[in-house]
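Keep in mind the model is a prediction, meaning the values are calculated, not measured. Values below: all heavy atoms of this structure, side chains included; hydrogens, waters and symmetry mates excluded.
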Amino acid sequence: MTSRNELPLIPPDQLTQELLRAWSWHRQGLDGSLAEVDAAEVLDRVGWARSVGGSNTYLTLFARAGIRREKVDRVVARQEIHELPSARGCTYVLPAKEFAWGLQLGRNAAETEVKVLGRLGVERSEIEALAEKVLETLRQAGAEASMDPRQLREVLGGAVRTMGEEGKKKGSSTTLPAALGLLQADGRIRRVPVNGRLDQQRYSYTLWDLPSTGANDEELRARMVQRFLGWTGGATLGQLRWFTAFTVAQSKAALSAVGATPMNTAAGEELWMMPQDLSKLAKFVIPAEEDIQLLAGSDSLVLLRRNSADLFDEVGRGAVTGMSGSALAADLSDHPILDRGRIIGLWQYDPENARIAWWTFAPVTPAVKEKIALVEAWIAEDLGDFRSFSLDSPKSRAKNIAVLDERRNA
């Protein structure tokens, strides 16, 4: 391991937002460096893809490696990648090598559901007994069979307790989701997309036998921090804590364990980096040529650190100031158009007219038009629509589309 004394010293004034945007772009493989890589390796190298019943995972893989939806669905079916509850209990699509690690990281979310039911008078033993009955039901259905929650409830009958109005208020209508959550967190069952696609939230459940990591929580946190810093190329303590939900003490211990190094930036932030990345950053030069991508608002480039506001330059920031919604908030209200890590415009998909509604902050270039046409055709051919999340719909985004059209034509 490189000692701290051997690491290059980068003056803070050189670590500008412009440089760091381009560096993140490079580390996220958006510069064409992952063109020949398969889906599992893309997710291994750039980070787990957020999945909330939206289209982000598909665009994540198409933008970086040109992988079409049909191929993504095939690798999901082969369990080369899978949607699992992981960081903060949120669902991400992970590569196979990270399944057990991701589940262990999200284990507390399953326990939270159990605690909620406990406050409603349900003993843990009742939920564990229900979980065993779920397993037995799936075994009787056959190793390759899957059952959705409705089918499971029909078979399990009175073993599933309905929690009434109080349960509904607390998000626990029955005891079945808690039992399924415990089984999934242990790797004993897994969710299967009903139609094989990731851009919806209808699932059935099937038996699984996923080996555990054998790691303790301290080892897990160190691994997660090392992975996170590798995906991002560097992050602040706050950004790290947002993604992992680790405490300050846990985060600092993990940063120390992996040998991460703090660097001061021109903006006055303290950025933690892995030593090998610091050496690469010291030699990194912002590409001279325009490099355009259309990404989802939940792409790992913006979501891992939740720092989308940093990706606007002064022109972009001025252009979106005053827009309704959250154009400058941590969670983008529209999808971004980017050039080497800088947000230069916004877009939404209009399925009624099979087109992308877009607006760029400066006069549009031929490269931007070409990329819009490429993504527009891909959405129409592969997806049919581009949803941000499961409840997103053409009706719900109509106002955003109208605003983009108005600004573009102003």
Side-chain angles (χ1 to χ4, degrees), residues 1-34 45-47 64 225-243 251-252 254-293 295 299-321 328 330 332 336-345 361-362 365 367:
M1 181 180 294
T2 304
S3 71
R4 292 182 183 271
N5 292 334
E6 296 173 334
L7 293 174
L9 295 176
I10 306 177
D13 62 352
Q14 292 184 20
L15 292 181
T16 63
Q17 289 284 25
E18 183 182 14
L19 177 69
L20 293 172
R21 283 194 291 260
W23 167 247
S24 297
W25 182 258
H26 164 67
R27 290 311 304 259
Q28 279 289 303
L30 289 160
D31 55 0
S33 57
L34 299 181
R45 288 170 60 174
V46 310
R64 291 163 173 83
V225 166
Q226 187 171 36
R227 299 250 62 203
F228 180 78
L229 294 183
W231 296 335
T232 59
T236 66
L237 180 63
Q239 291 164 351
L240 169 64
R241 292 193 59 223
W242 175 82
F243 182 79
S251 300
K252 288 184 175 180
L255 287 166
S256 177
V258 301
T261 299
M263 293 293 295
N264 293 319
T265 72
E269 292 183 317
E270 186 176 64
L271 205 65
W272 288 88
M273 300 183 66
M274 296 302 297
Q276 60 269 32
D277 291 334
L278 185 57
S279 298
K280 293 174 183 175
L281 178 56
K283 303 173 185 176
F284 181 73
V285 177
I286 300 173
E289 298 297 321
E290 188 179 20
D291 188 9
I292 305 299
Q293 291 282 6
L295 301 178
D299 186 89
S300 54
L301 178 73
V302 295
L303 186 76
L304 288 176
R305 295 186 295 174
R306 213 157 175 251
N307 68 331
S308 57
D310 295 339
L311 306 186
F312 290 87
D313 63 9
E314 290 186 13
V315 172
R317 193 171 291 109
V320 300
T321 296
L328 279 174
L332 290 166
I337 304 172
L338 302 104
D339 176 13
R340 291 161 290 178
R342 174 172 56 94
I343 296 177
I344 62 169
F361 313 140
T365 67

* To do: For the pair Arg27 (side chain) and Gly230 (backbone), establish whether a donor and an acceptor sit closer than 3.5 Å, ignoring hydrogens and angles.
  => yes
* Between the side chains of Gln28 and Arg64, is a donor N or O closer than 3.5 angstrom to an acceptor N or O? -> yes
* To do: Return the minimal non-hydrogen interatomic distance between Val225 and Ala254, and the atom names on each side.
  => CG2-CB, 3.5 Å
* More than 12 heavy atoms of other residues, nucleotides or ligands under 6.0 Å from CD of Glu18: is that the case? -> no
* Asked: Can you name the ring pair (Phe, Tyr, Trp, His ring centres under 6.0 Å) partners of Trp231, sequence neighbours left out?
  -> Trp48
* Are Arg340 and Asp291 ion-paired here, with the side-chain N under 4.0 Å from a carboxylate O? -> no
* To do: List in chain and number order the residues that pass side-chain hydrogen bond (donor to acceptor under 3.5 Å, both in side chains) with Asp31, two or more places apart in sequence or in another chain; answer none if no residue qualifies.
  => His26, Ser33
* For Arg21, check salt bridge (charged side-chain N to carboxylate O under 4.0 Å, His left out) against everything at least two apart and list the hits. => none
* Asked: Counting distance only, does the side-chain N/O of Thr265 pair as donor-acceptor with the main-chain N or O of Glu269 below 3.5 Å?
  -> yes
* Do Thr236 and Glu270 have a side chain donor and acceptor closer than 3.5 Å? -> no
* **Qualifying residues under side-chain hydrogen bond (donor to acceptor under 3.5 Å, both in side chains), relative to Gln14, sequence neighbours excluded** => none
* **Donor-acceptor under 3.5 Å (Trp23 side chain, Phe284 main chain)** => no
* Under the salt bridge (charged side-chain N to carboxylate O under 4.0 Å, His left out) test, residues paired with Arg305 that sit two or more places apart -> none
* Asked: Which residues pass the side-chain contact (heavy atoms from CB on, under 4.5 Å) test with Gln226, sequence neighbours left out?
  -> Val258, Met274
* Asked: When you look at Trp25 and Leu301, which way does the side chain to side chain contact (heavy atoms under 4.5 Å, CB included) test go after all the steps?
  -> CA-CA 7 Å; Trp25 182 258; Leu301 178 73; 4.1 Å; yes
